[in-house]
Amino acid sequence: MLDRWVQKSIEESLSKFLKELSRPESVAEILPKGVRIEFPKKDGFGDISSPVSLNLASALKLPPRKVAEGLLRHFGNDRRFRTIEIAGPGYLNFTFEQSALRETLLGFLDGAIPLVEPVATPRRILLEFVSANPTGPLHVGHGRGAAYGDALARILKNIGHSVETEYYINDAGNQMEMLGRSTCLAWRSLRRQVSTEEVDGFLKGSTPYKGTYIKEIAKLIQETPGLLTPEEEKAAESSTGDESQYLPKFTHLSQLLIMEGIREDLVRFGVTFDRFFSERELHEEHSGSSGSAVQSWIGKIRDLTRESTGSAGVPDVYESEGALWLRTTALGDDKDRVLLRGDGRLTYFAADIAYHADKIQRGYEVLIDVWGADHHGYIPRMEAAIQTLSLLLGHKTEFRVALIQLVNLVRDGKPVSMSTRGGEFVTLREVVDEVGVDATRFIYLTRSHESSLDFDLNRAREKSMDNPVYYVQYAHARVMSLLKQAETRRVSLPERWEGSDLEPLTLGEEGEMIRFMDRFPRVLHDVGSSLEVHPFSEYLTEMARKFHHYYFHNRILSQEPGDRNLMKARLGLSIAVGRVLRTGLALLGVTAPESM
RNA sequence: GCGCCCGUAGCUCAGCUGGAUAGAGCAGUAGACUACGAAUCUAAAGGUCGGGGGUUCAAAUCCCUCCGGGCGCGCCA
């Protein structure tokens, strides 16, 4: 709100200044990126500053300070600003009147100024995240994606977008068969000796999944009557039986149980999805149609691109070396990609094309995929596929990928090895059990998802009170404690604050807190466009810091009868801070306790 | 070899759509509880922004190059 005032004032004066200079351009033409606004960290540079004169200098062929002087001449007499100064190389520094800030606070308290402003152009967004393969429990890396995706979804929704969240289950392909074989072997070894020769023969040279969860699944199958029919049990027991009699059952049961565990972990972590989308469905044949969804989409792309062989910008489907390829190099990929292998089986990429075609067809304007950073090589081919599909479906779709960098688990400063095969990895559940949901989520969200993160288990466990999340939560608890105290002291606070006397709020830091609160909507909007969540957690930490500082140095609940108005005004400010923290923490999926 | 991410205080990291004196937290140092919760606060200290070159009125930020670390480069998923 305050930043908007400044922006508008500058635009107006710039427009007048351009007229004075007889320039034909409009404000938007001469400043295509708009009027830049900054919030100076240091004192003495105003409440809000703008380097707009520096940005305009070369276009207007005037020294920055001359531009600033010209702009300053055209500012009307706006009572909301105490001073507008030219500083340094040509910055315009704006300082607000305390009365304007008090007005803003009243607006917040009564909800006249909303804490969250809707974006100008709301969009239909599909946010896909986690999508961990159902071959094992979620580990700390998935947790980071879950915390990030969930917070992003909450924020995007909050600023007015229509957002749906989705988890893509890779429940098809070799890996699922390997999973079935792994649990089957574990199951056999519960019943009898299994020789290494038998293991090698059964696994066909591949590495099995090992973790304790495999044994648990085997045990469950063994101990739950009725899961296997007597025939299946008999066939599965021997190494010479017909695999098709029992292996699909092991695969199915394993996947079901693992997926159930994943869902539980997610719920416990506070993450829910609007939809779980199964890859297998894309491979299923439907009666009356021409094969599976995957086959059908490949066919459509093939038809579409048949005539355009070799033409730039349109990847066509072609046959080579007995396989079917998509010419993704036409759109910048390193090499073309196989859709249908020589052995007649479809690739993962082919299924992903069908999946994203399905998303596009559902009418979303923006697809956001949250992937692990090890998938970055996959982006160009997926972009090529999406462009082709957009062409095919006549429906332009924006595709954005957020790559989540690695989480390095650290214990006592030493890295913990996280090999999925060996089962040494630490699961999300273990971490959450030790550290708690709030702290885990906050730790994930205080760093850019684009940088790898060191997650020190011992630090998070033993010294968990040093965790920044408690700093923010404690600030909220302090506000709530103040309000409780006020209640027992029978301080009456207005239902509507409009017209209340906030004049006693004269301190610089009080104004600073109001100004900082006022930035809330802008920070959220920045998250929406950059897809970076961590600046928002930093914002909340800073809000908490300002309040702790204020609280320590200023008495809020006064004992002097003459200070009643001061007390009320300060309580009002505290209430507003509490609301900012509560709203903000909720957007990160973190609780805001009333006491700790 | 090619591609992506990263290199900023002792440690973990912000800042990177170029702009004023490069910022936090932790650790360490020195302090603050007879009033609303000390899970807090205050102060000082800590920097060749990996090295070098370039573009610019202005570079931690953009470009080139080198060095170091991580990840990825299958008719795997």
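So that the names make sense, note that chain A is the first sequence line, chain B the second, and so on, each numbered from 1.
- Ring centroids of A/H449 and A/Y444 are separated by 6.0 Å or more, keeping the two rings apart.
- Taking the C1' atoms as reference points, B/rG54 lies 15 Å from B/rU61, given to the whole Å.
- Judged by closest nucleotide on RNA chain B, A/N55 is the one of A/N55 and A/A544 placed further toward the 5' end.
- In this structure, A/R545 does not reach the B/rC41 phosphate: none of its side-chain N or O atoms is under 4.0 Å from OP1 or OP2.
- For the C1' atoms, the distance from B/rU34 to B/rA39 is 22 Å, rounded to whole Å.
- Of all nucleotides listed (B/rA20, B/rA77, B/rC71), B/rC71 comes nearest to the side chain of A/H376.
- Taking 4.0 Å as the cut-off between side-chain N and carboxylate O, A/E319 and A/R302 count as a salt-bridged pair.
- A/D171 comes within contact range of no nucleotide atom at all, as no heavy-atom separation falls under 4.0 Å.
- In this structure, A/Y355 has its ring center closer than 6.0 angstrom to the ring center of A/F277.
- Contact annotation for A/A172: backbone-only contact, meaning every heavy-atom pair under 4.0 Å involves sugar-phosphate atoms and none involves a base.
- At the heavy-atom level, A/T446 lies nowhere under 4.0 Å from the strands shown.
- Straight-line distance between the C1' atoms of B/rC63 and B/rG23: roughly 27 Å, to the nearest whole Å.
- When distances run from any side-chain atom of A/E450 to the nucleotides B/rC6, B/rG37, B/rC41, the shortest one goes to B/rC6.
- Within the 4.0 angstrom heavy-atom criterion, only backbone atoms of the sugar-phosphate kind lie near A/H548; the bases stay farther away.
- With C1' as the reference atom, B/rC6 and B/rC13 are 12 Å apart, rounded to whole Å.
- For the C1' atoms, the distance linking B/rU56 with B/rU12 amounts to 34 Å, nearest Å.
- Among the heavy atoms of the strands, none lies under 4.0 Å from A/R337.
- In this structure, the aromatic ring of A/F552 is not positioned over the six-membered ring of the base of B/rU40 within 5.5 Å between centres and 30° between planes.
- Considering only side-chain N and O atoms, A/Q405 lies nowhere under 4.0 angstrom from the phosphate OP1 or OP2 of B/rC4.
- Here the side chain of A/Y378 is nearest to one of B/rC75, B/rC36, B/rA77, namely B/rA77.
- Separation of the P atoms belonging to B/rA24 and B/rG68 is 34 Å when rounded to the nearest angstrom.
- Side-chain proximity of A/H549 to B/rU42, B/rG37, B/rA20: nearest is B/rU42.
- By the 4.0 Å N-to-carboxylate-O rule, A/R381 lies too far from A/E383 to be salt-bridged with it.
- Each of B/rA39, B/rA20, B/rU12 was ranked by its minimum atom distance to the side chain of A/P40; first place goes to B/rA20.
- Distances from the side chain of A/R341 to the nucleotides B/rG3, B/rC6, B/rA77 place B/rA77 closest.
- In summary, the aromatic rings of A/F536 and A/F520 are positioned with their centroids under 6.0 Å apart.
- Residue-level contact check: A/N170 touches neither bases nor backbone, having no heavy atom under 4.0 Å from any strand.
- One C1' atom belongs to B/rC49, the other to B/rA14, and the distance between them is 13 Å to the nearest Å.
- Salt-bridge annotation for A/E284 and A/R280: absent, with no side-chain N of the basic residue lying under 4.0 Å from a carboxylate O of the acidic one.
- Electrostatic pairing of A/E509 and A/K546 does not count as a salt bridge here, judged by no charged N lying under 4.0 Å from a carboxylate O.
- Paired with A/L507 under the rule side-chain contact (heavy atoms from CB on, under 4.5 Å), one option of A/E512, A/H553, A/R570 passes, and it is A/R570.
- RNA chain B is contacted by both A/R555 and A/D374; A/R555 maps to the nucleotide lying nearer its 5′ end (nearest heavy atom per residue).
- Side-chain N/O atoms of A/S49 and base N/O atoms of B/rA20 include a donor-acceptor pair closer than 3.5 Å.
- Residues A/R519 and A/D3 are not paired through a salt bridge, judged by the lack of any N-O separation under 4.0 Å between the basic side chain and the carboxylate.
- Between B/rA39 and A/Y474, a contact under 4.0 Å exists linking OP1 or OP2 to a side-chain N or O.
- Only the C1' atoms considered, B/rG37 is 33 Å distant from B/rG10, to the nearest whole Å.
- Consecutive Watson-Crick or G-U pairs involving RNA chain B, each under 3.5 Å on both distances, make up stems of three or more pairs at B:1-7 with B:67-73, B:10-13 with B:23-26, B:29-32 with B:40-43, B:50-54 with B:62-66.
- For the OP1/OP2 pair of B/rG74 and a distance below 4.0 Å, the side-chain nitrogens and oxygens of A/K335 include at least one atom meeting the criterion.
- Within 4.0 Å (heavy atoms only), A/H375 reaches at least one base atom of the nucleic acid.
- If you check every strand for non-hydrogen atoms under 4.0 Å, A/D336 touches nothing.
- A/A57 comes within 4.0 angstrom of no nucleic acid atom, judged by non-hydrogen atoms across all strands.
- Listed pair A/S451 / B/rC6 fails the phosphate criterion, with no side-chain N or O lying under 4.0 Å from OP1 or OP2.
- Here the nucleotide nearest the side chain of A/R345, chosen from B/rA20, B/rA77, B/rA39, is B/rA77.
- Counting any heavy atom pair closer than 4.0 Å across all strands shown, A/E321 reaches a base atom.
- Nucleic acid contact for A/S481: base, since at least one base atom lies under 4.0 Å from a heavy atom of the residue.
- Salt bridge status for A/E166 with A/K359: absent, with no side-chain N to carboxylate O gap under 4.0 Å.
- Look at A/Y471 and you'll find a side-chain N or O under 4.0 angstrom from OP1 or OP2 of B/rC41.
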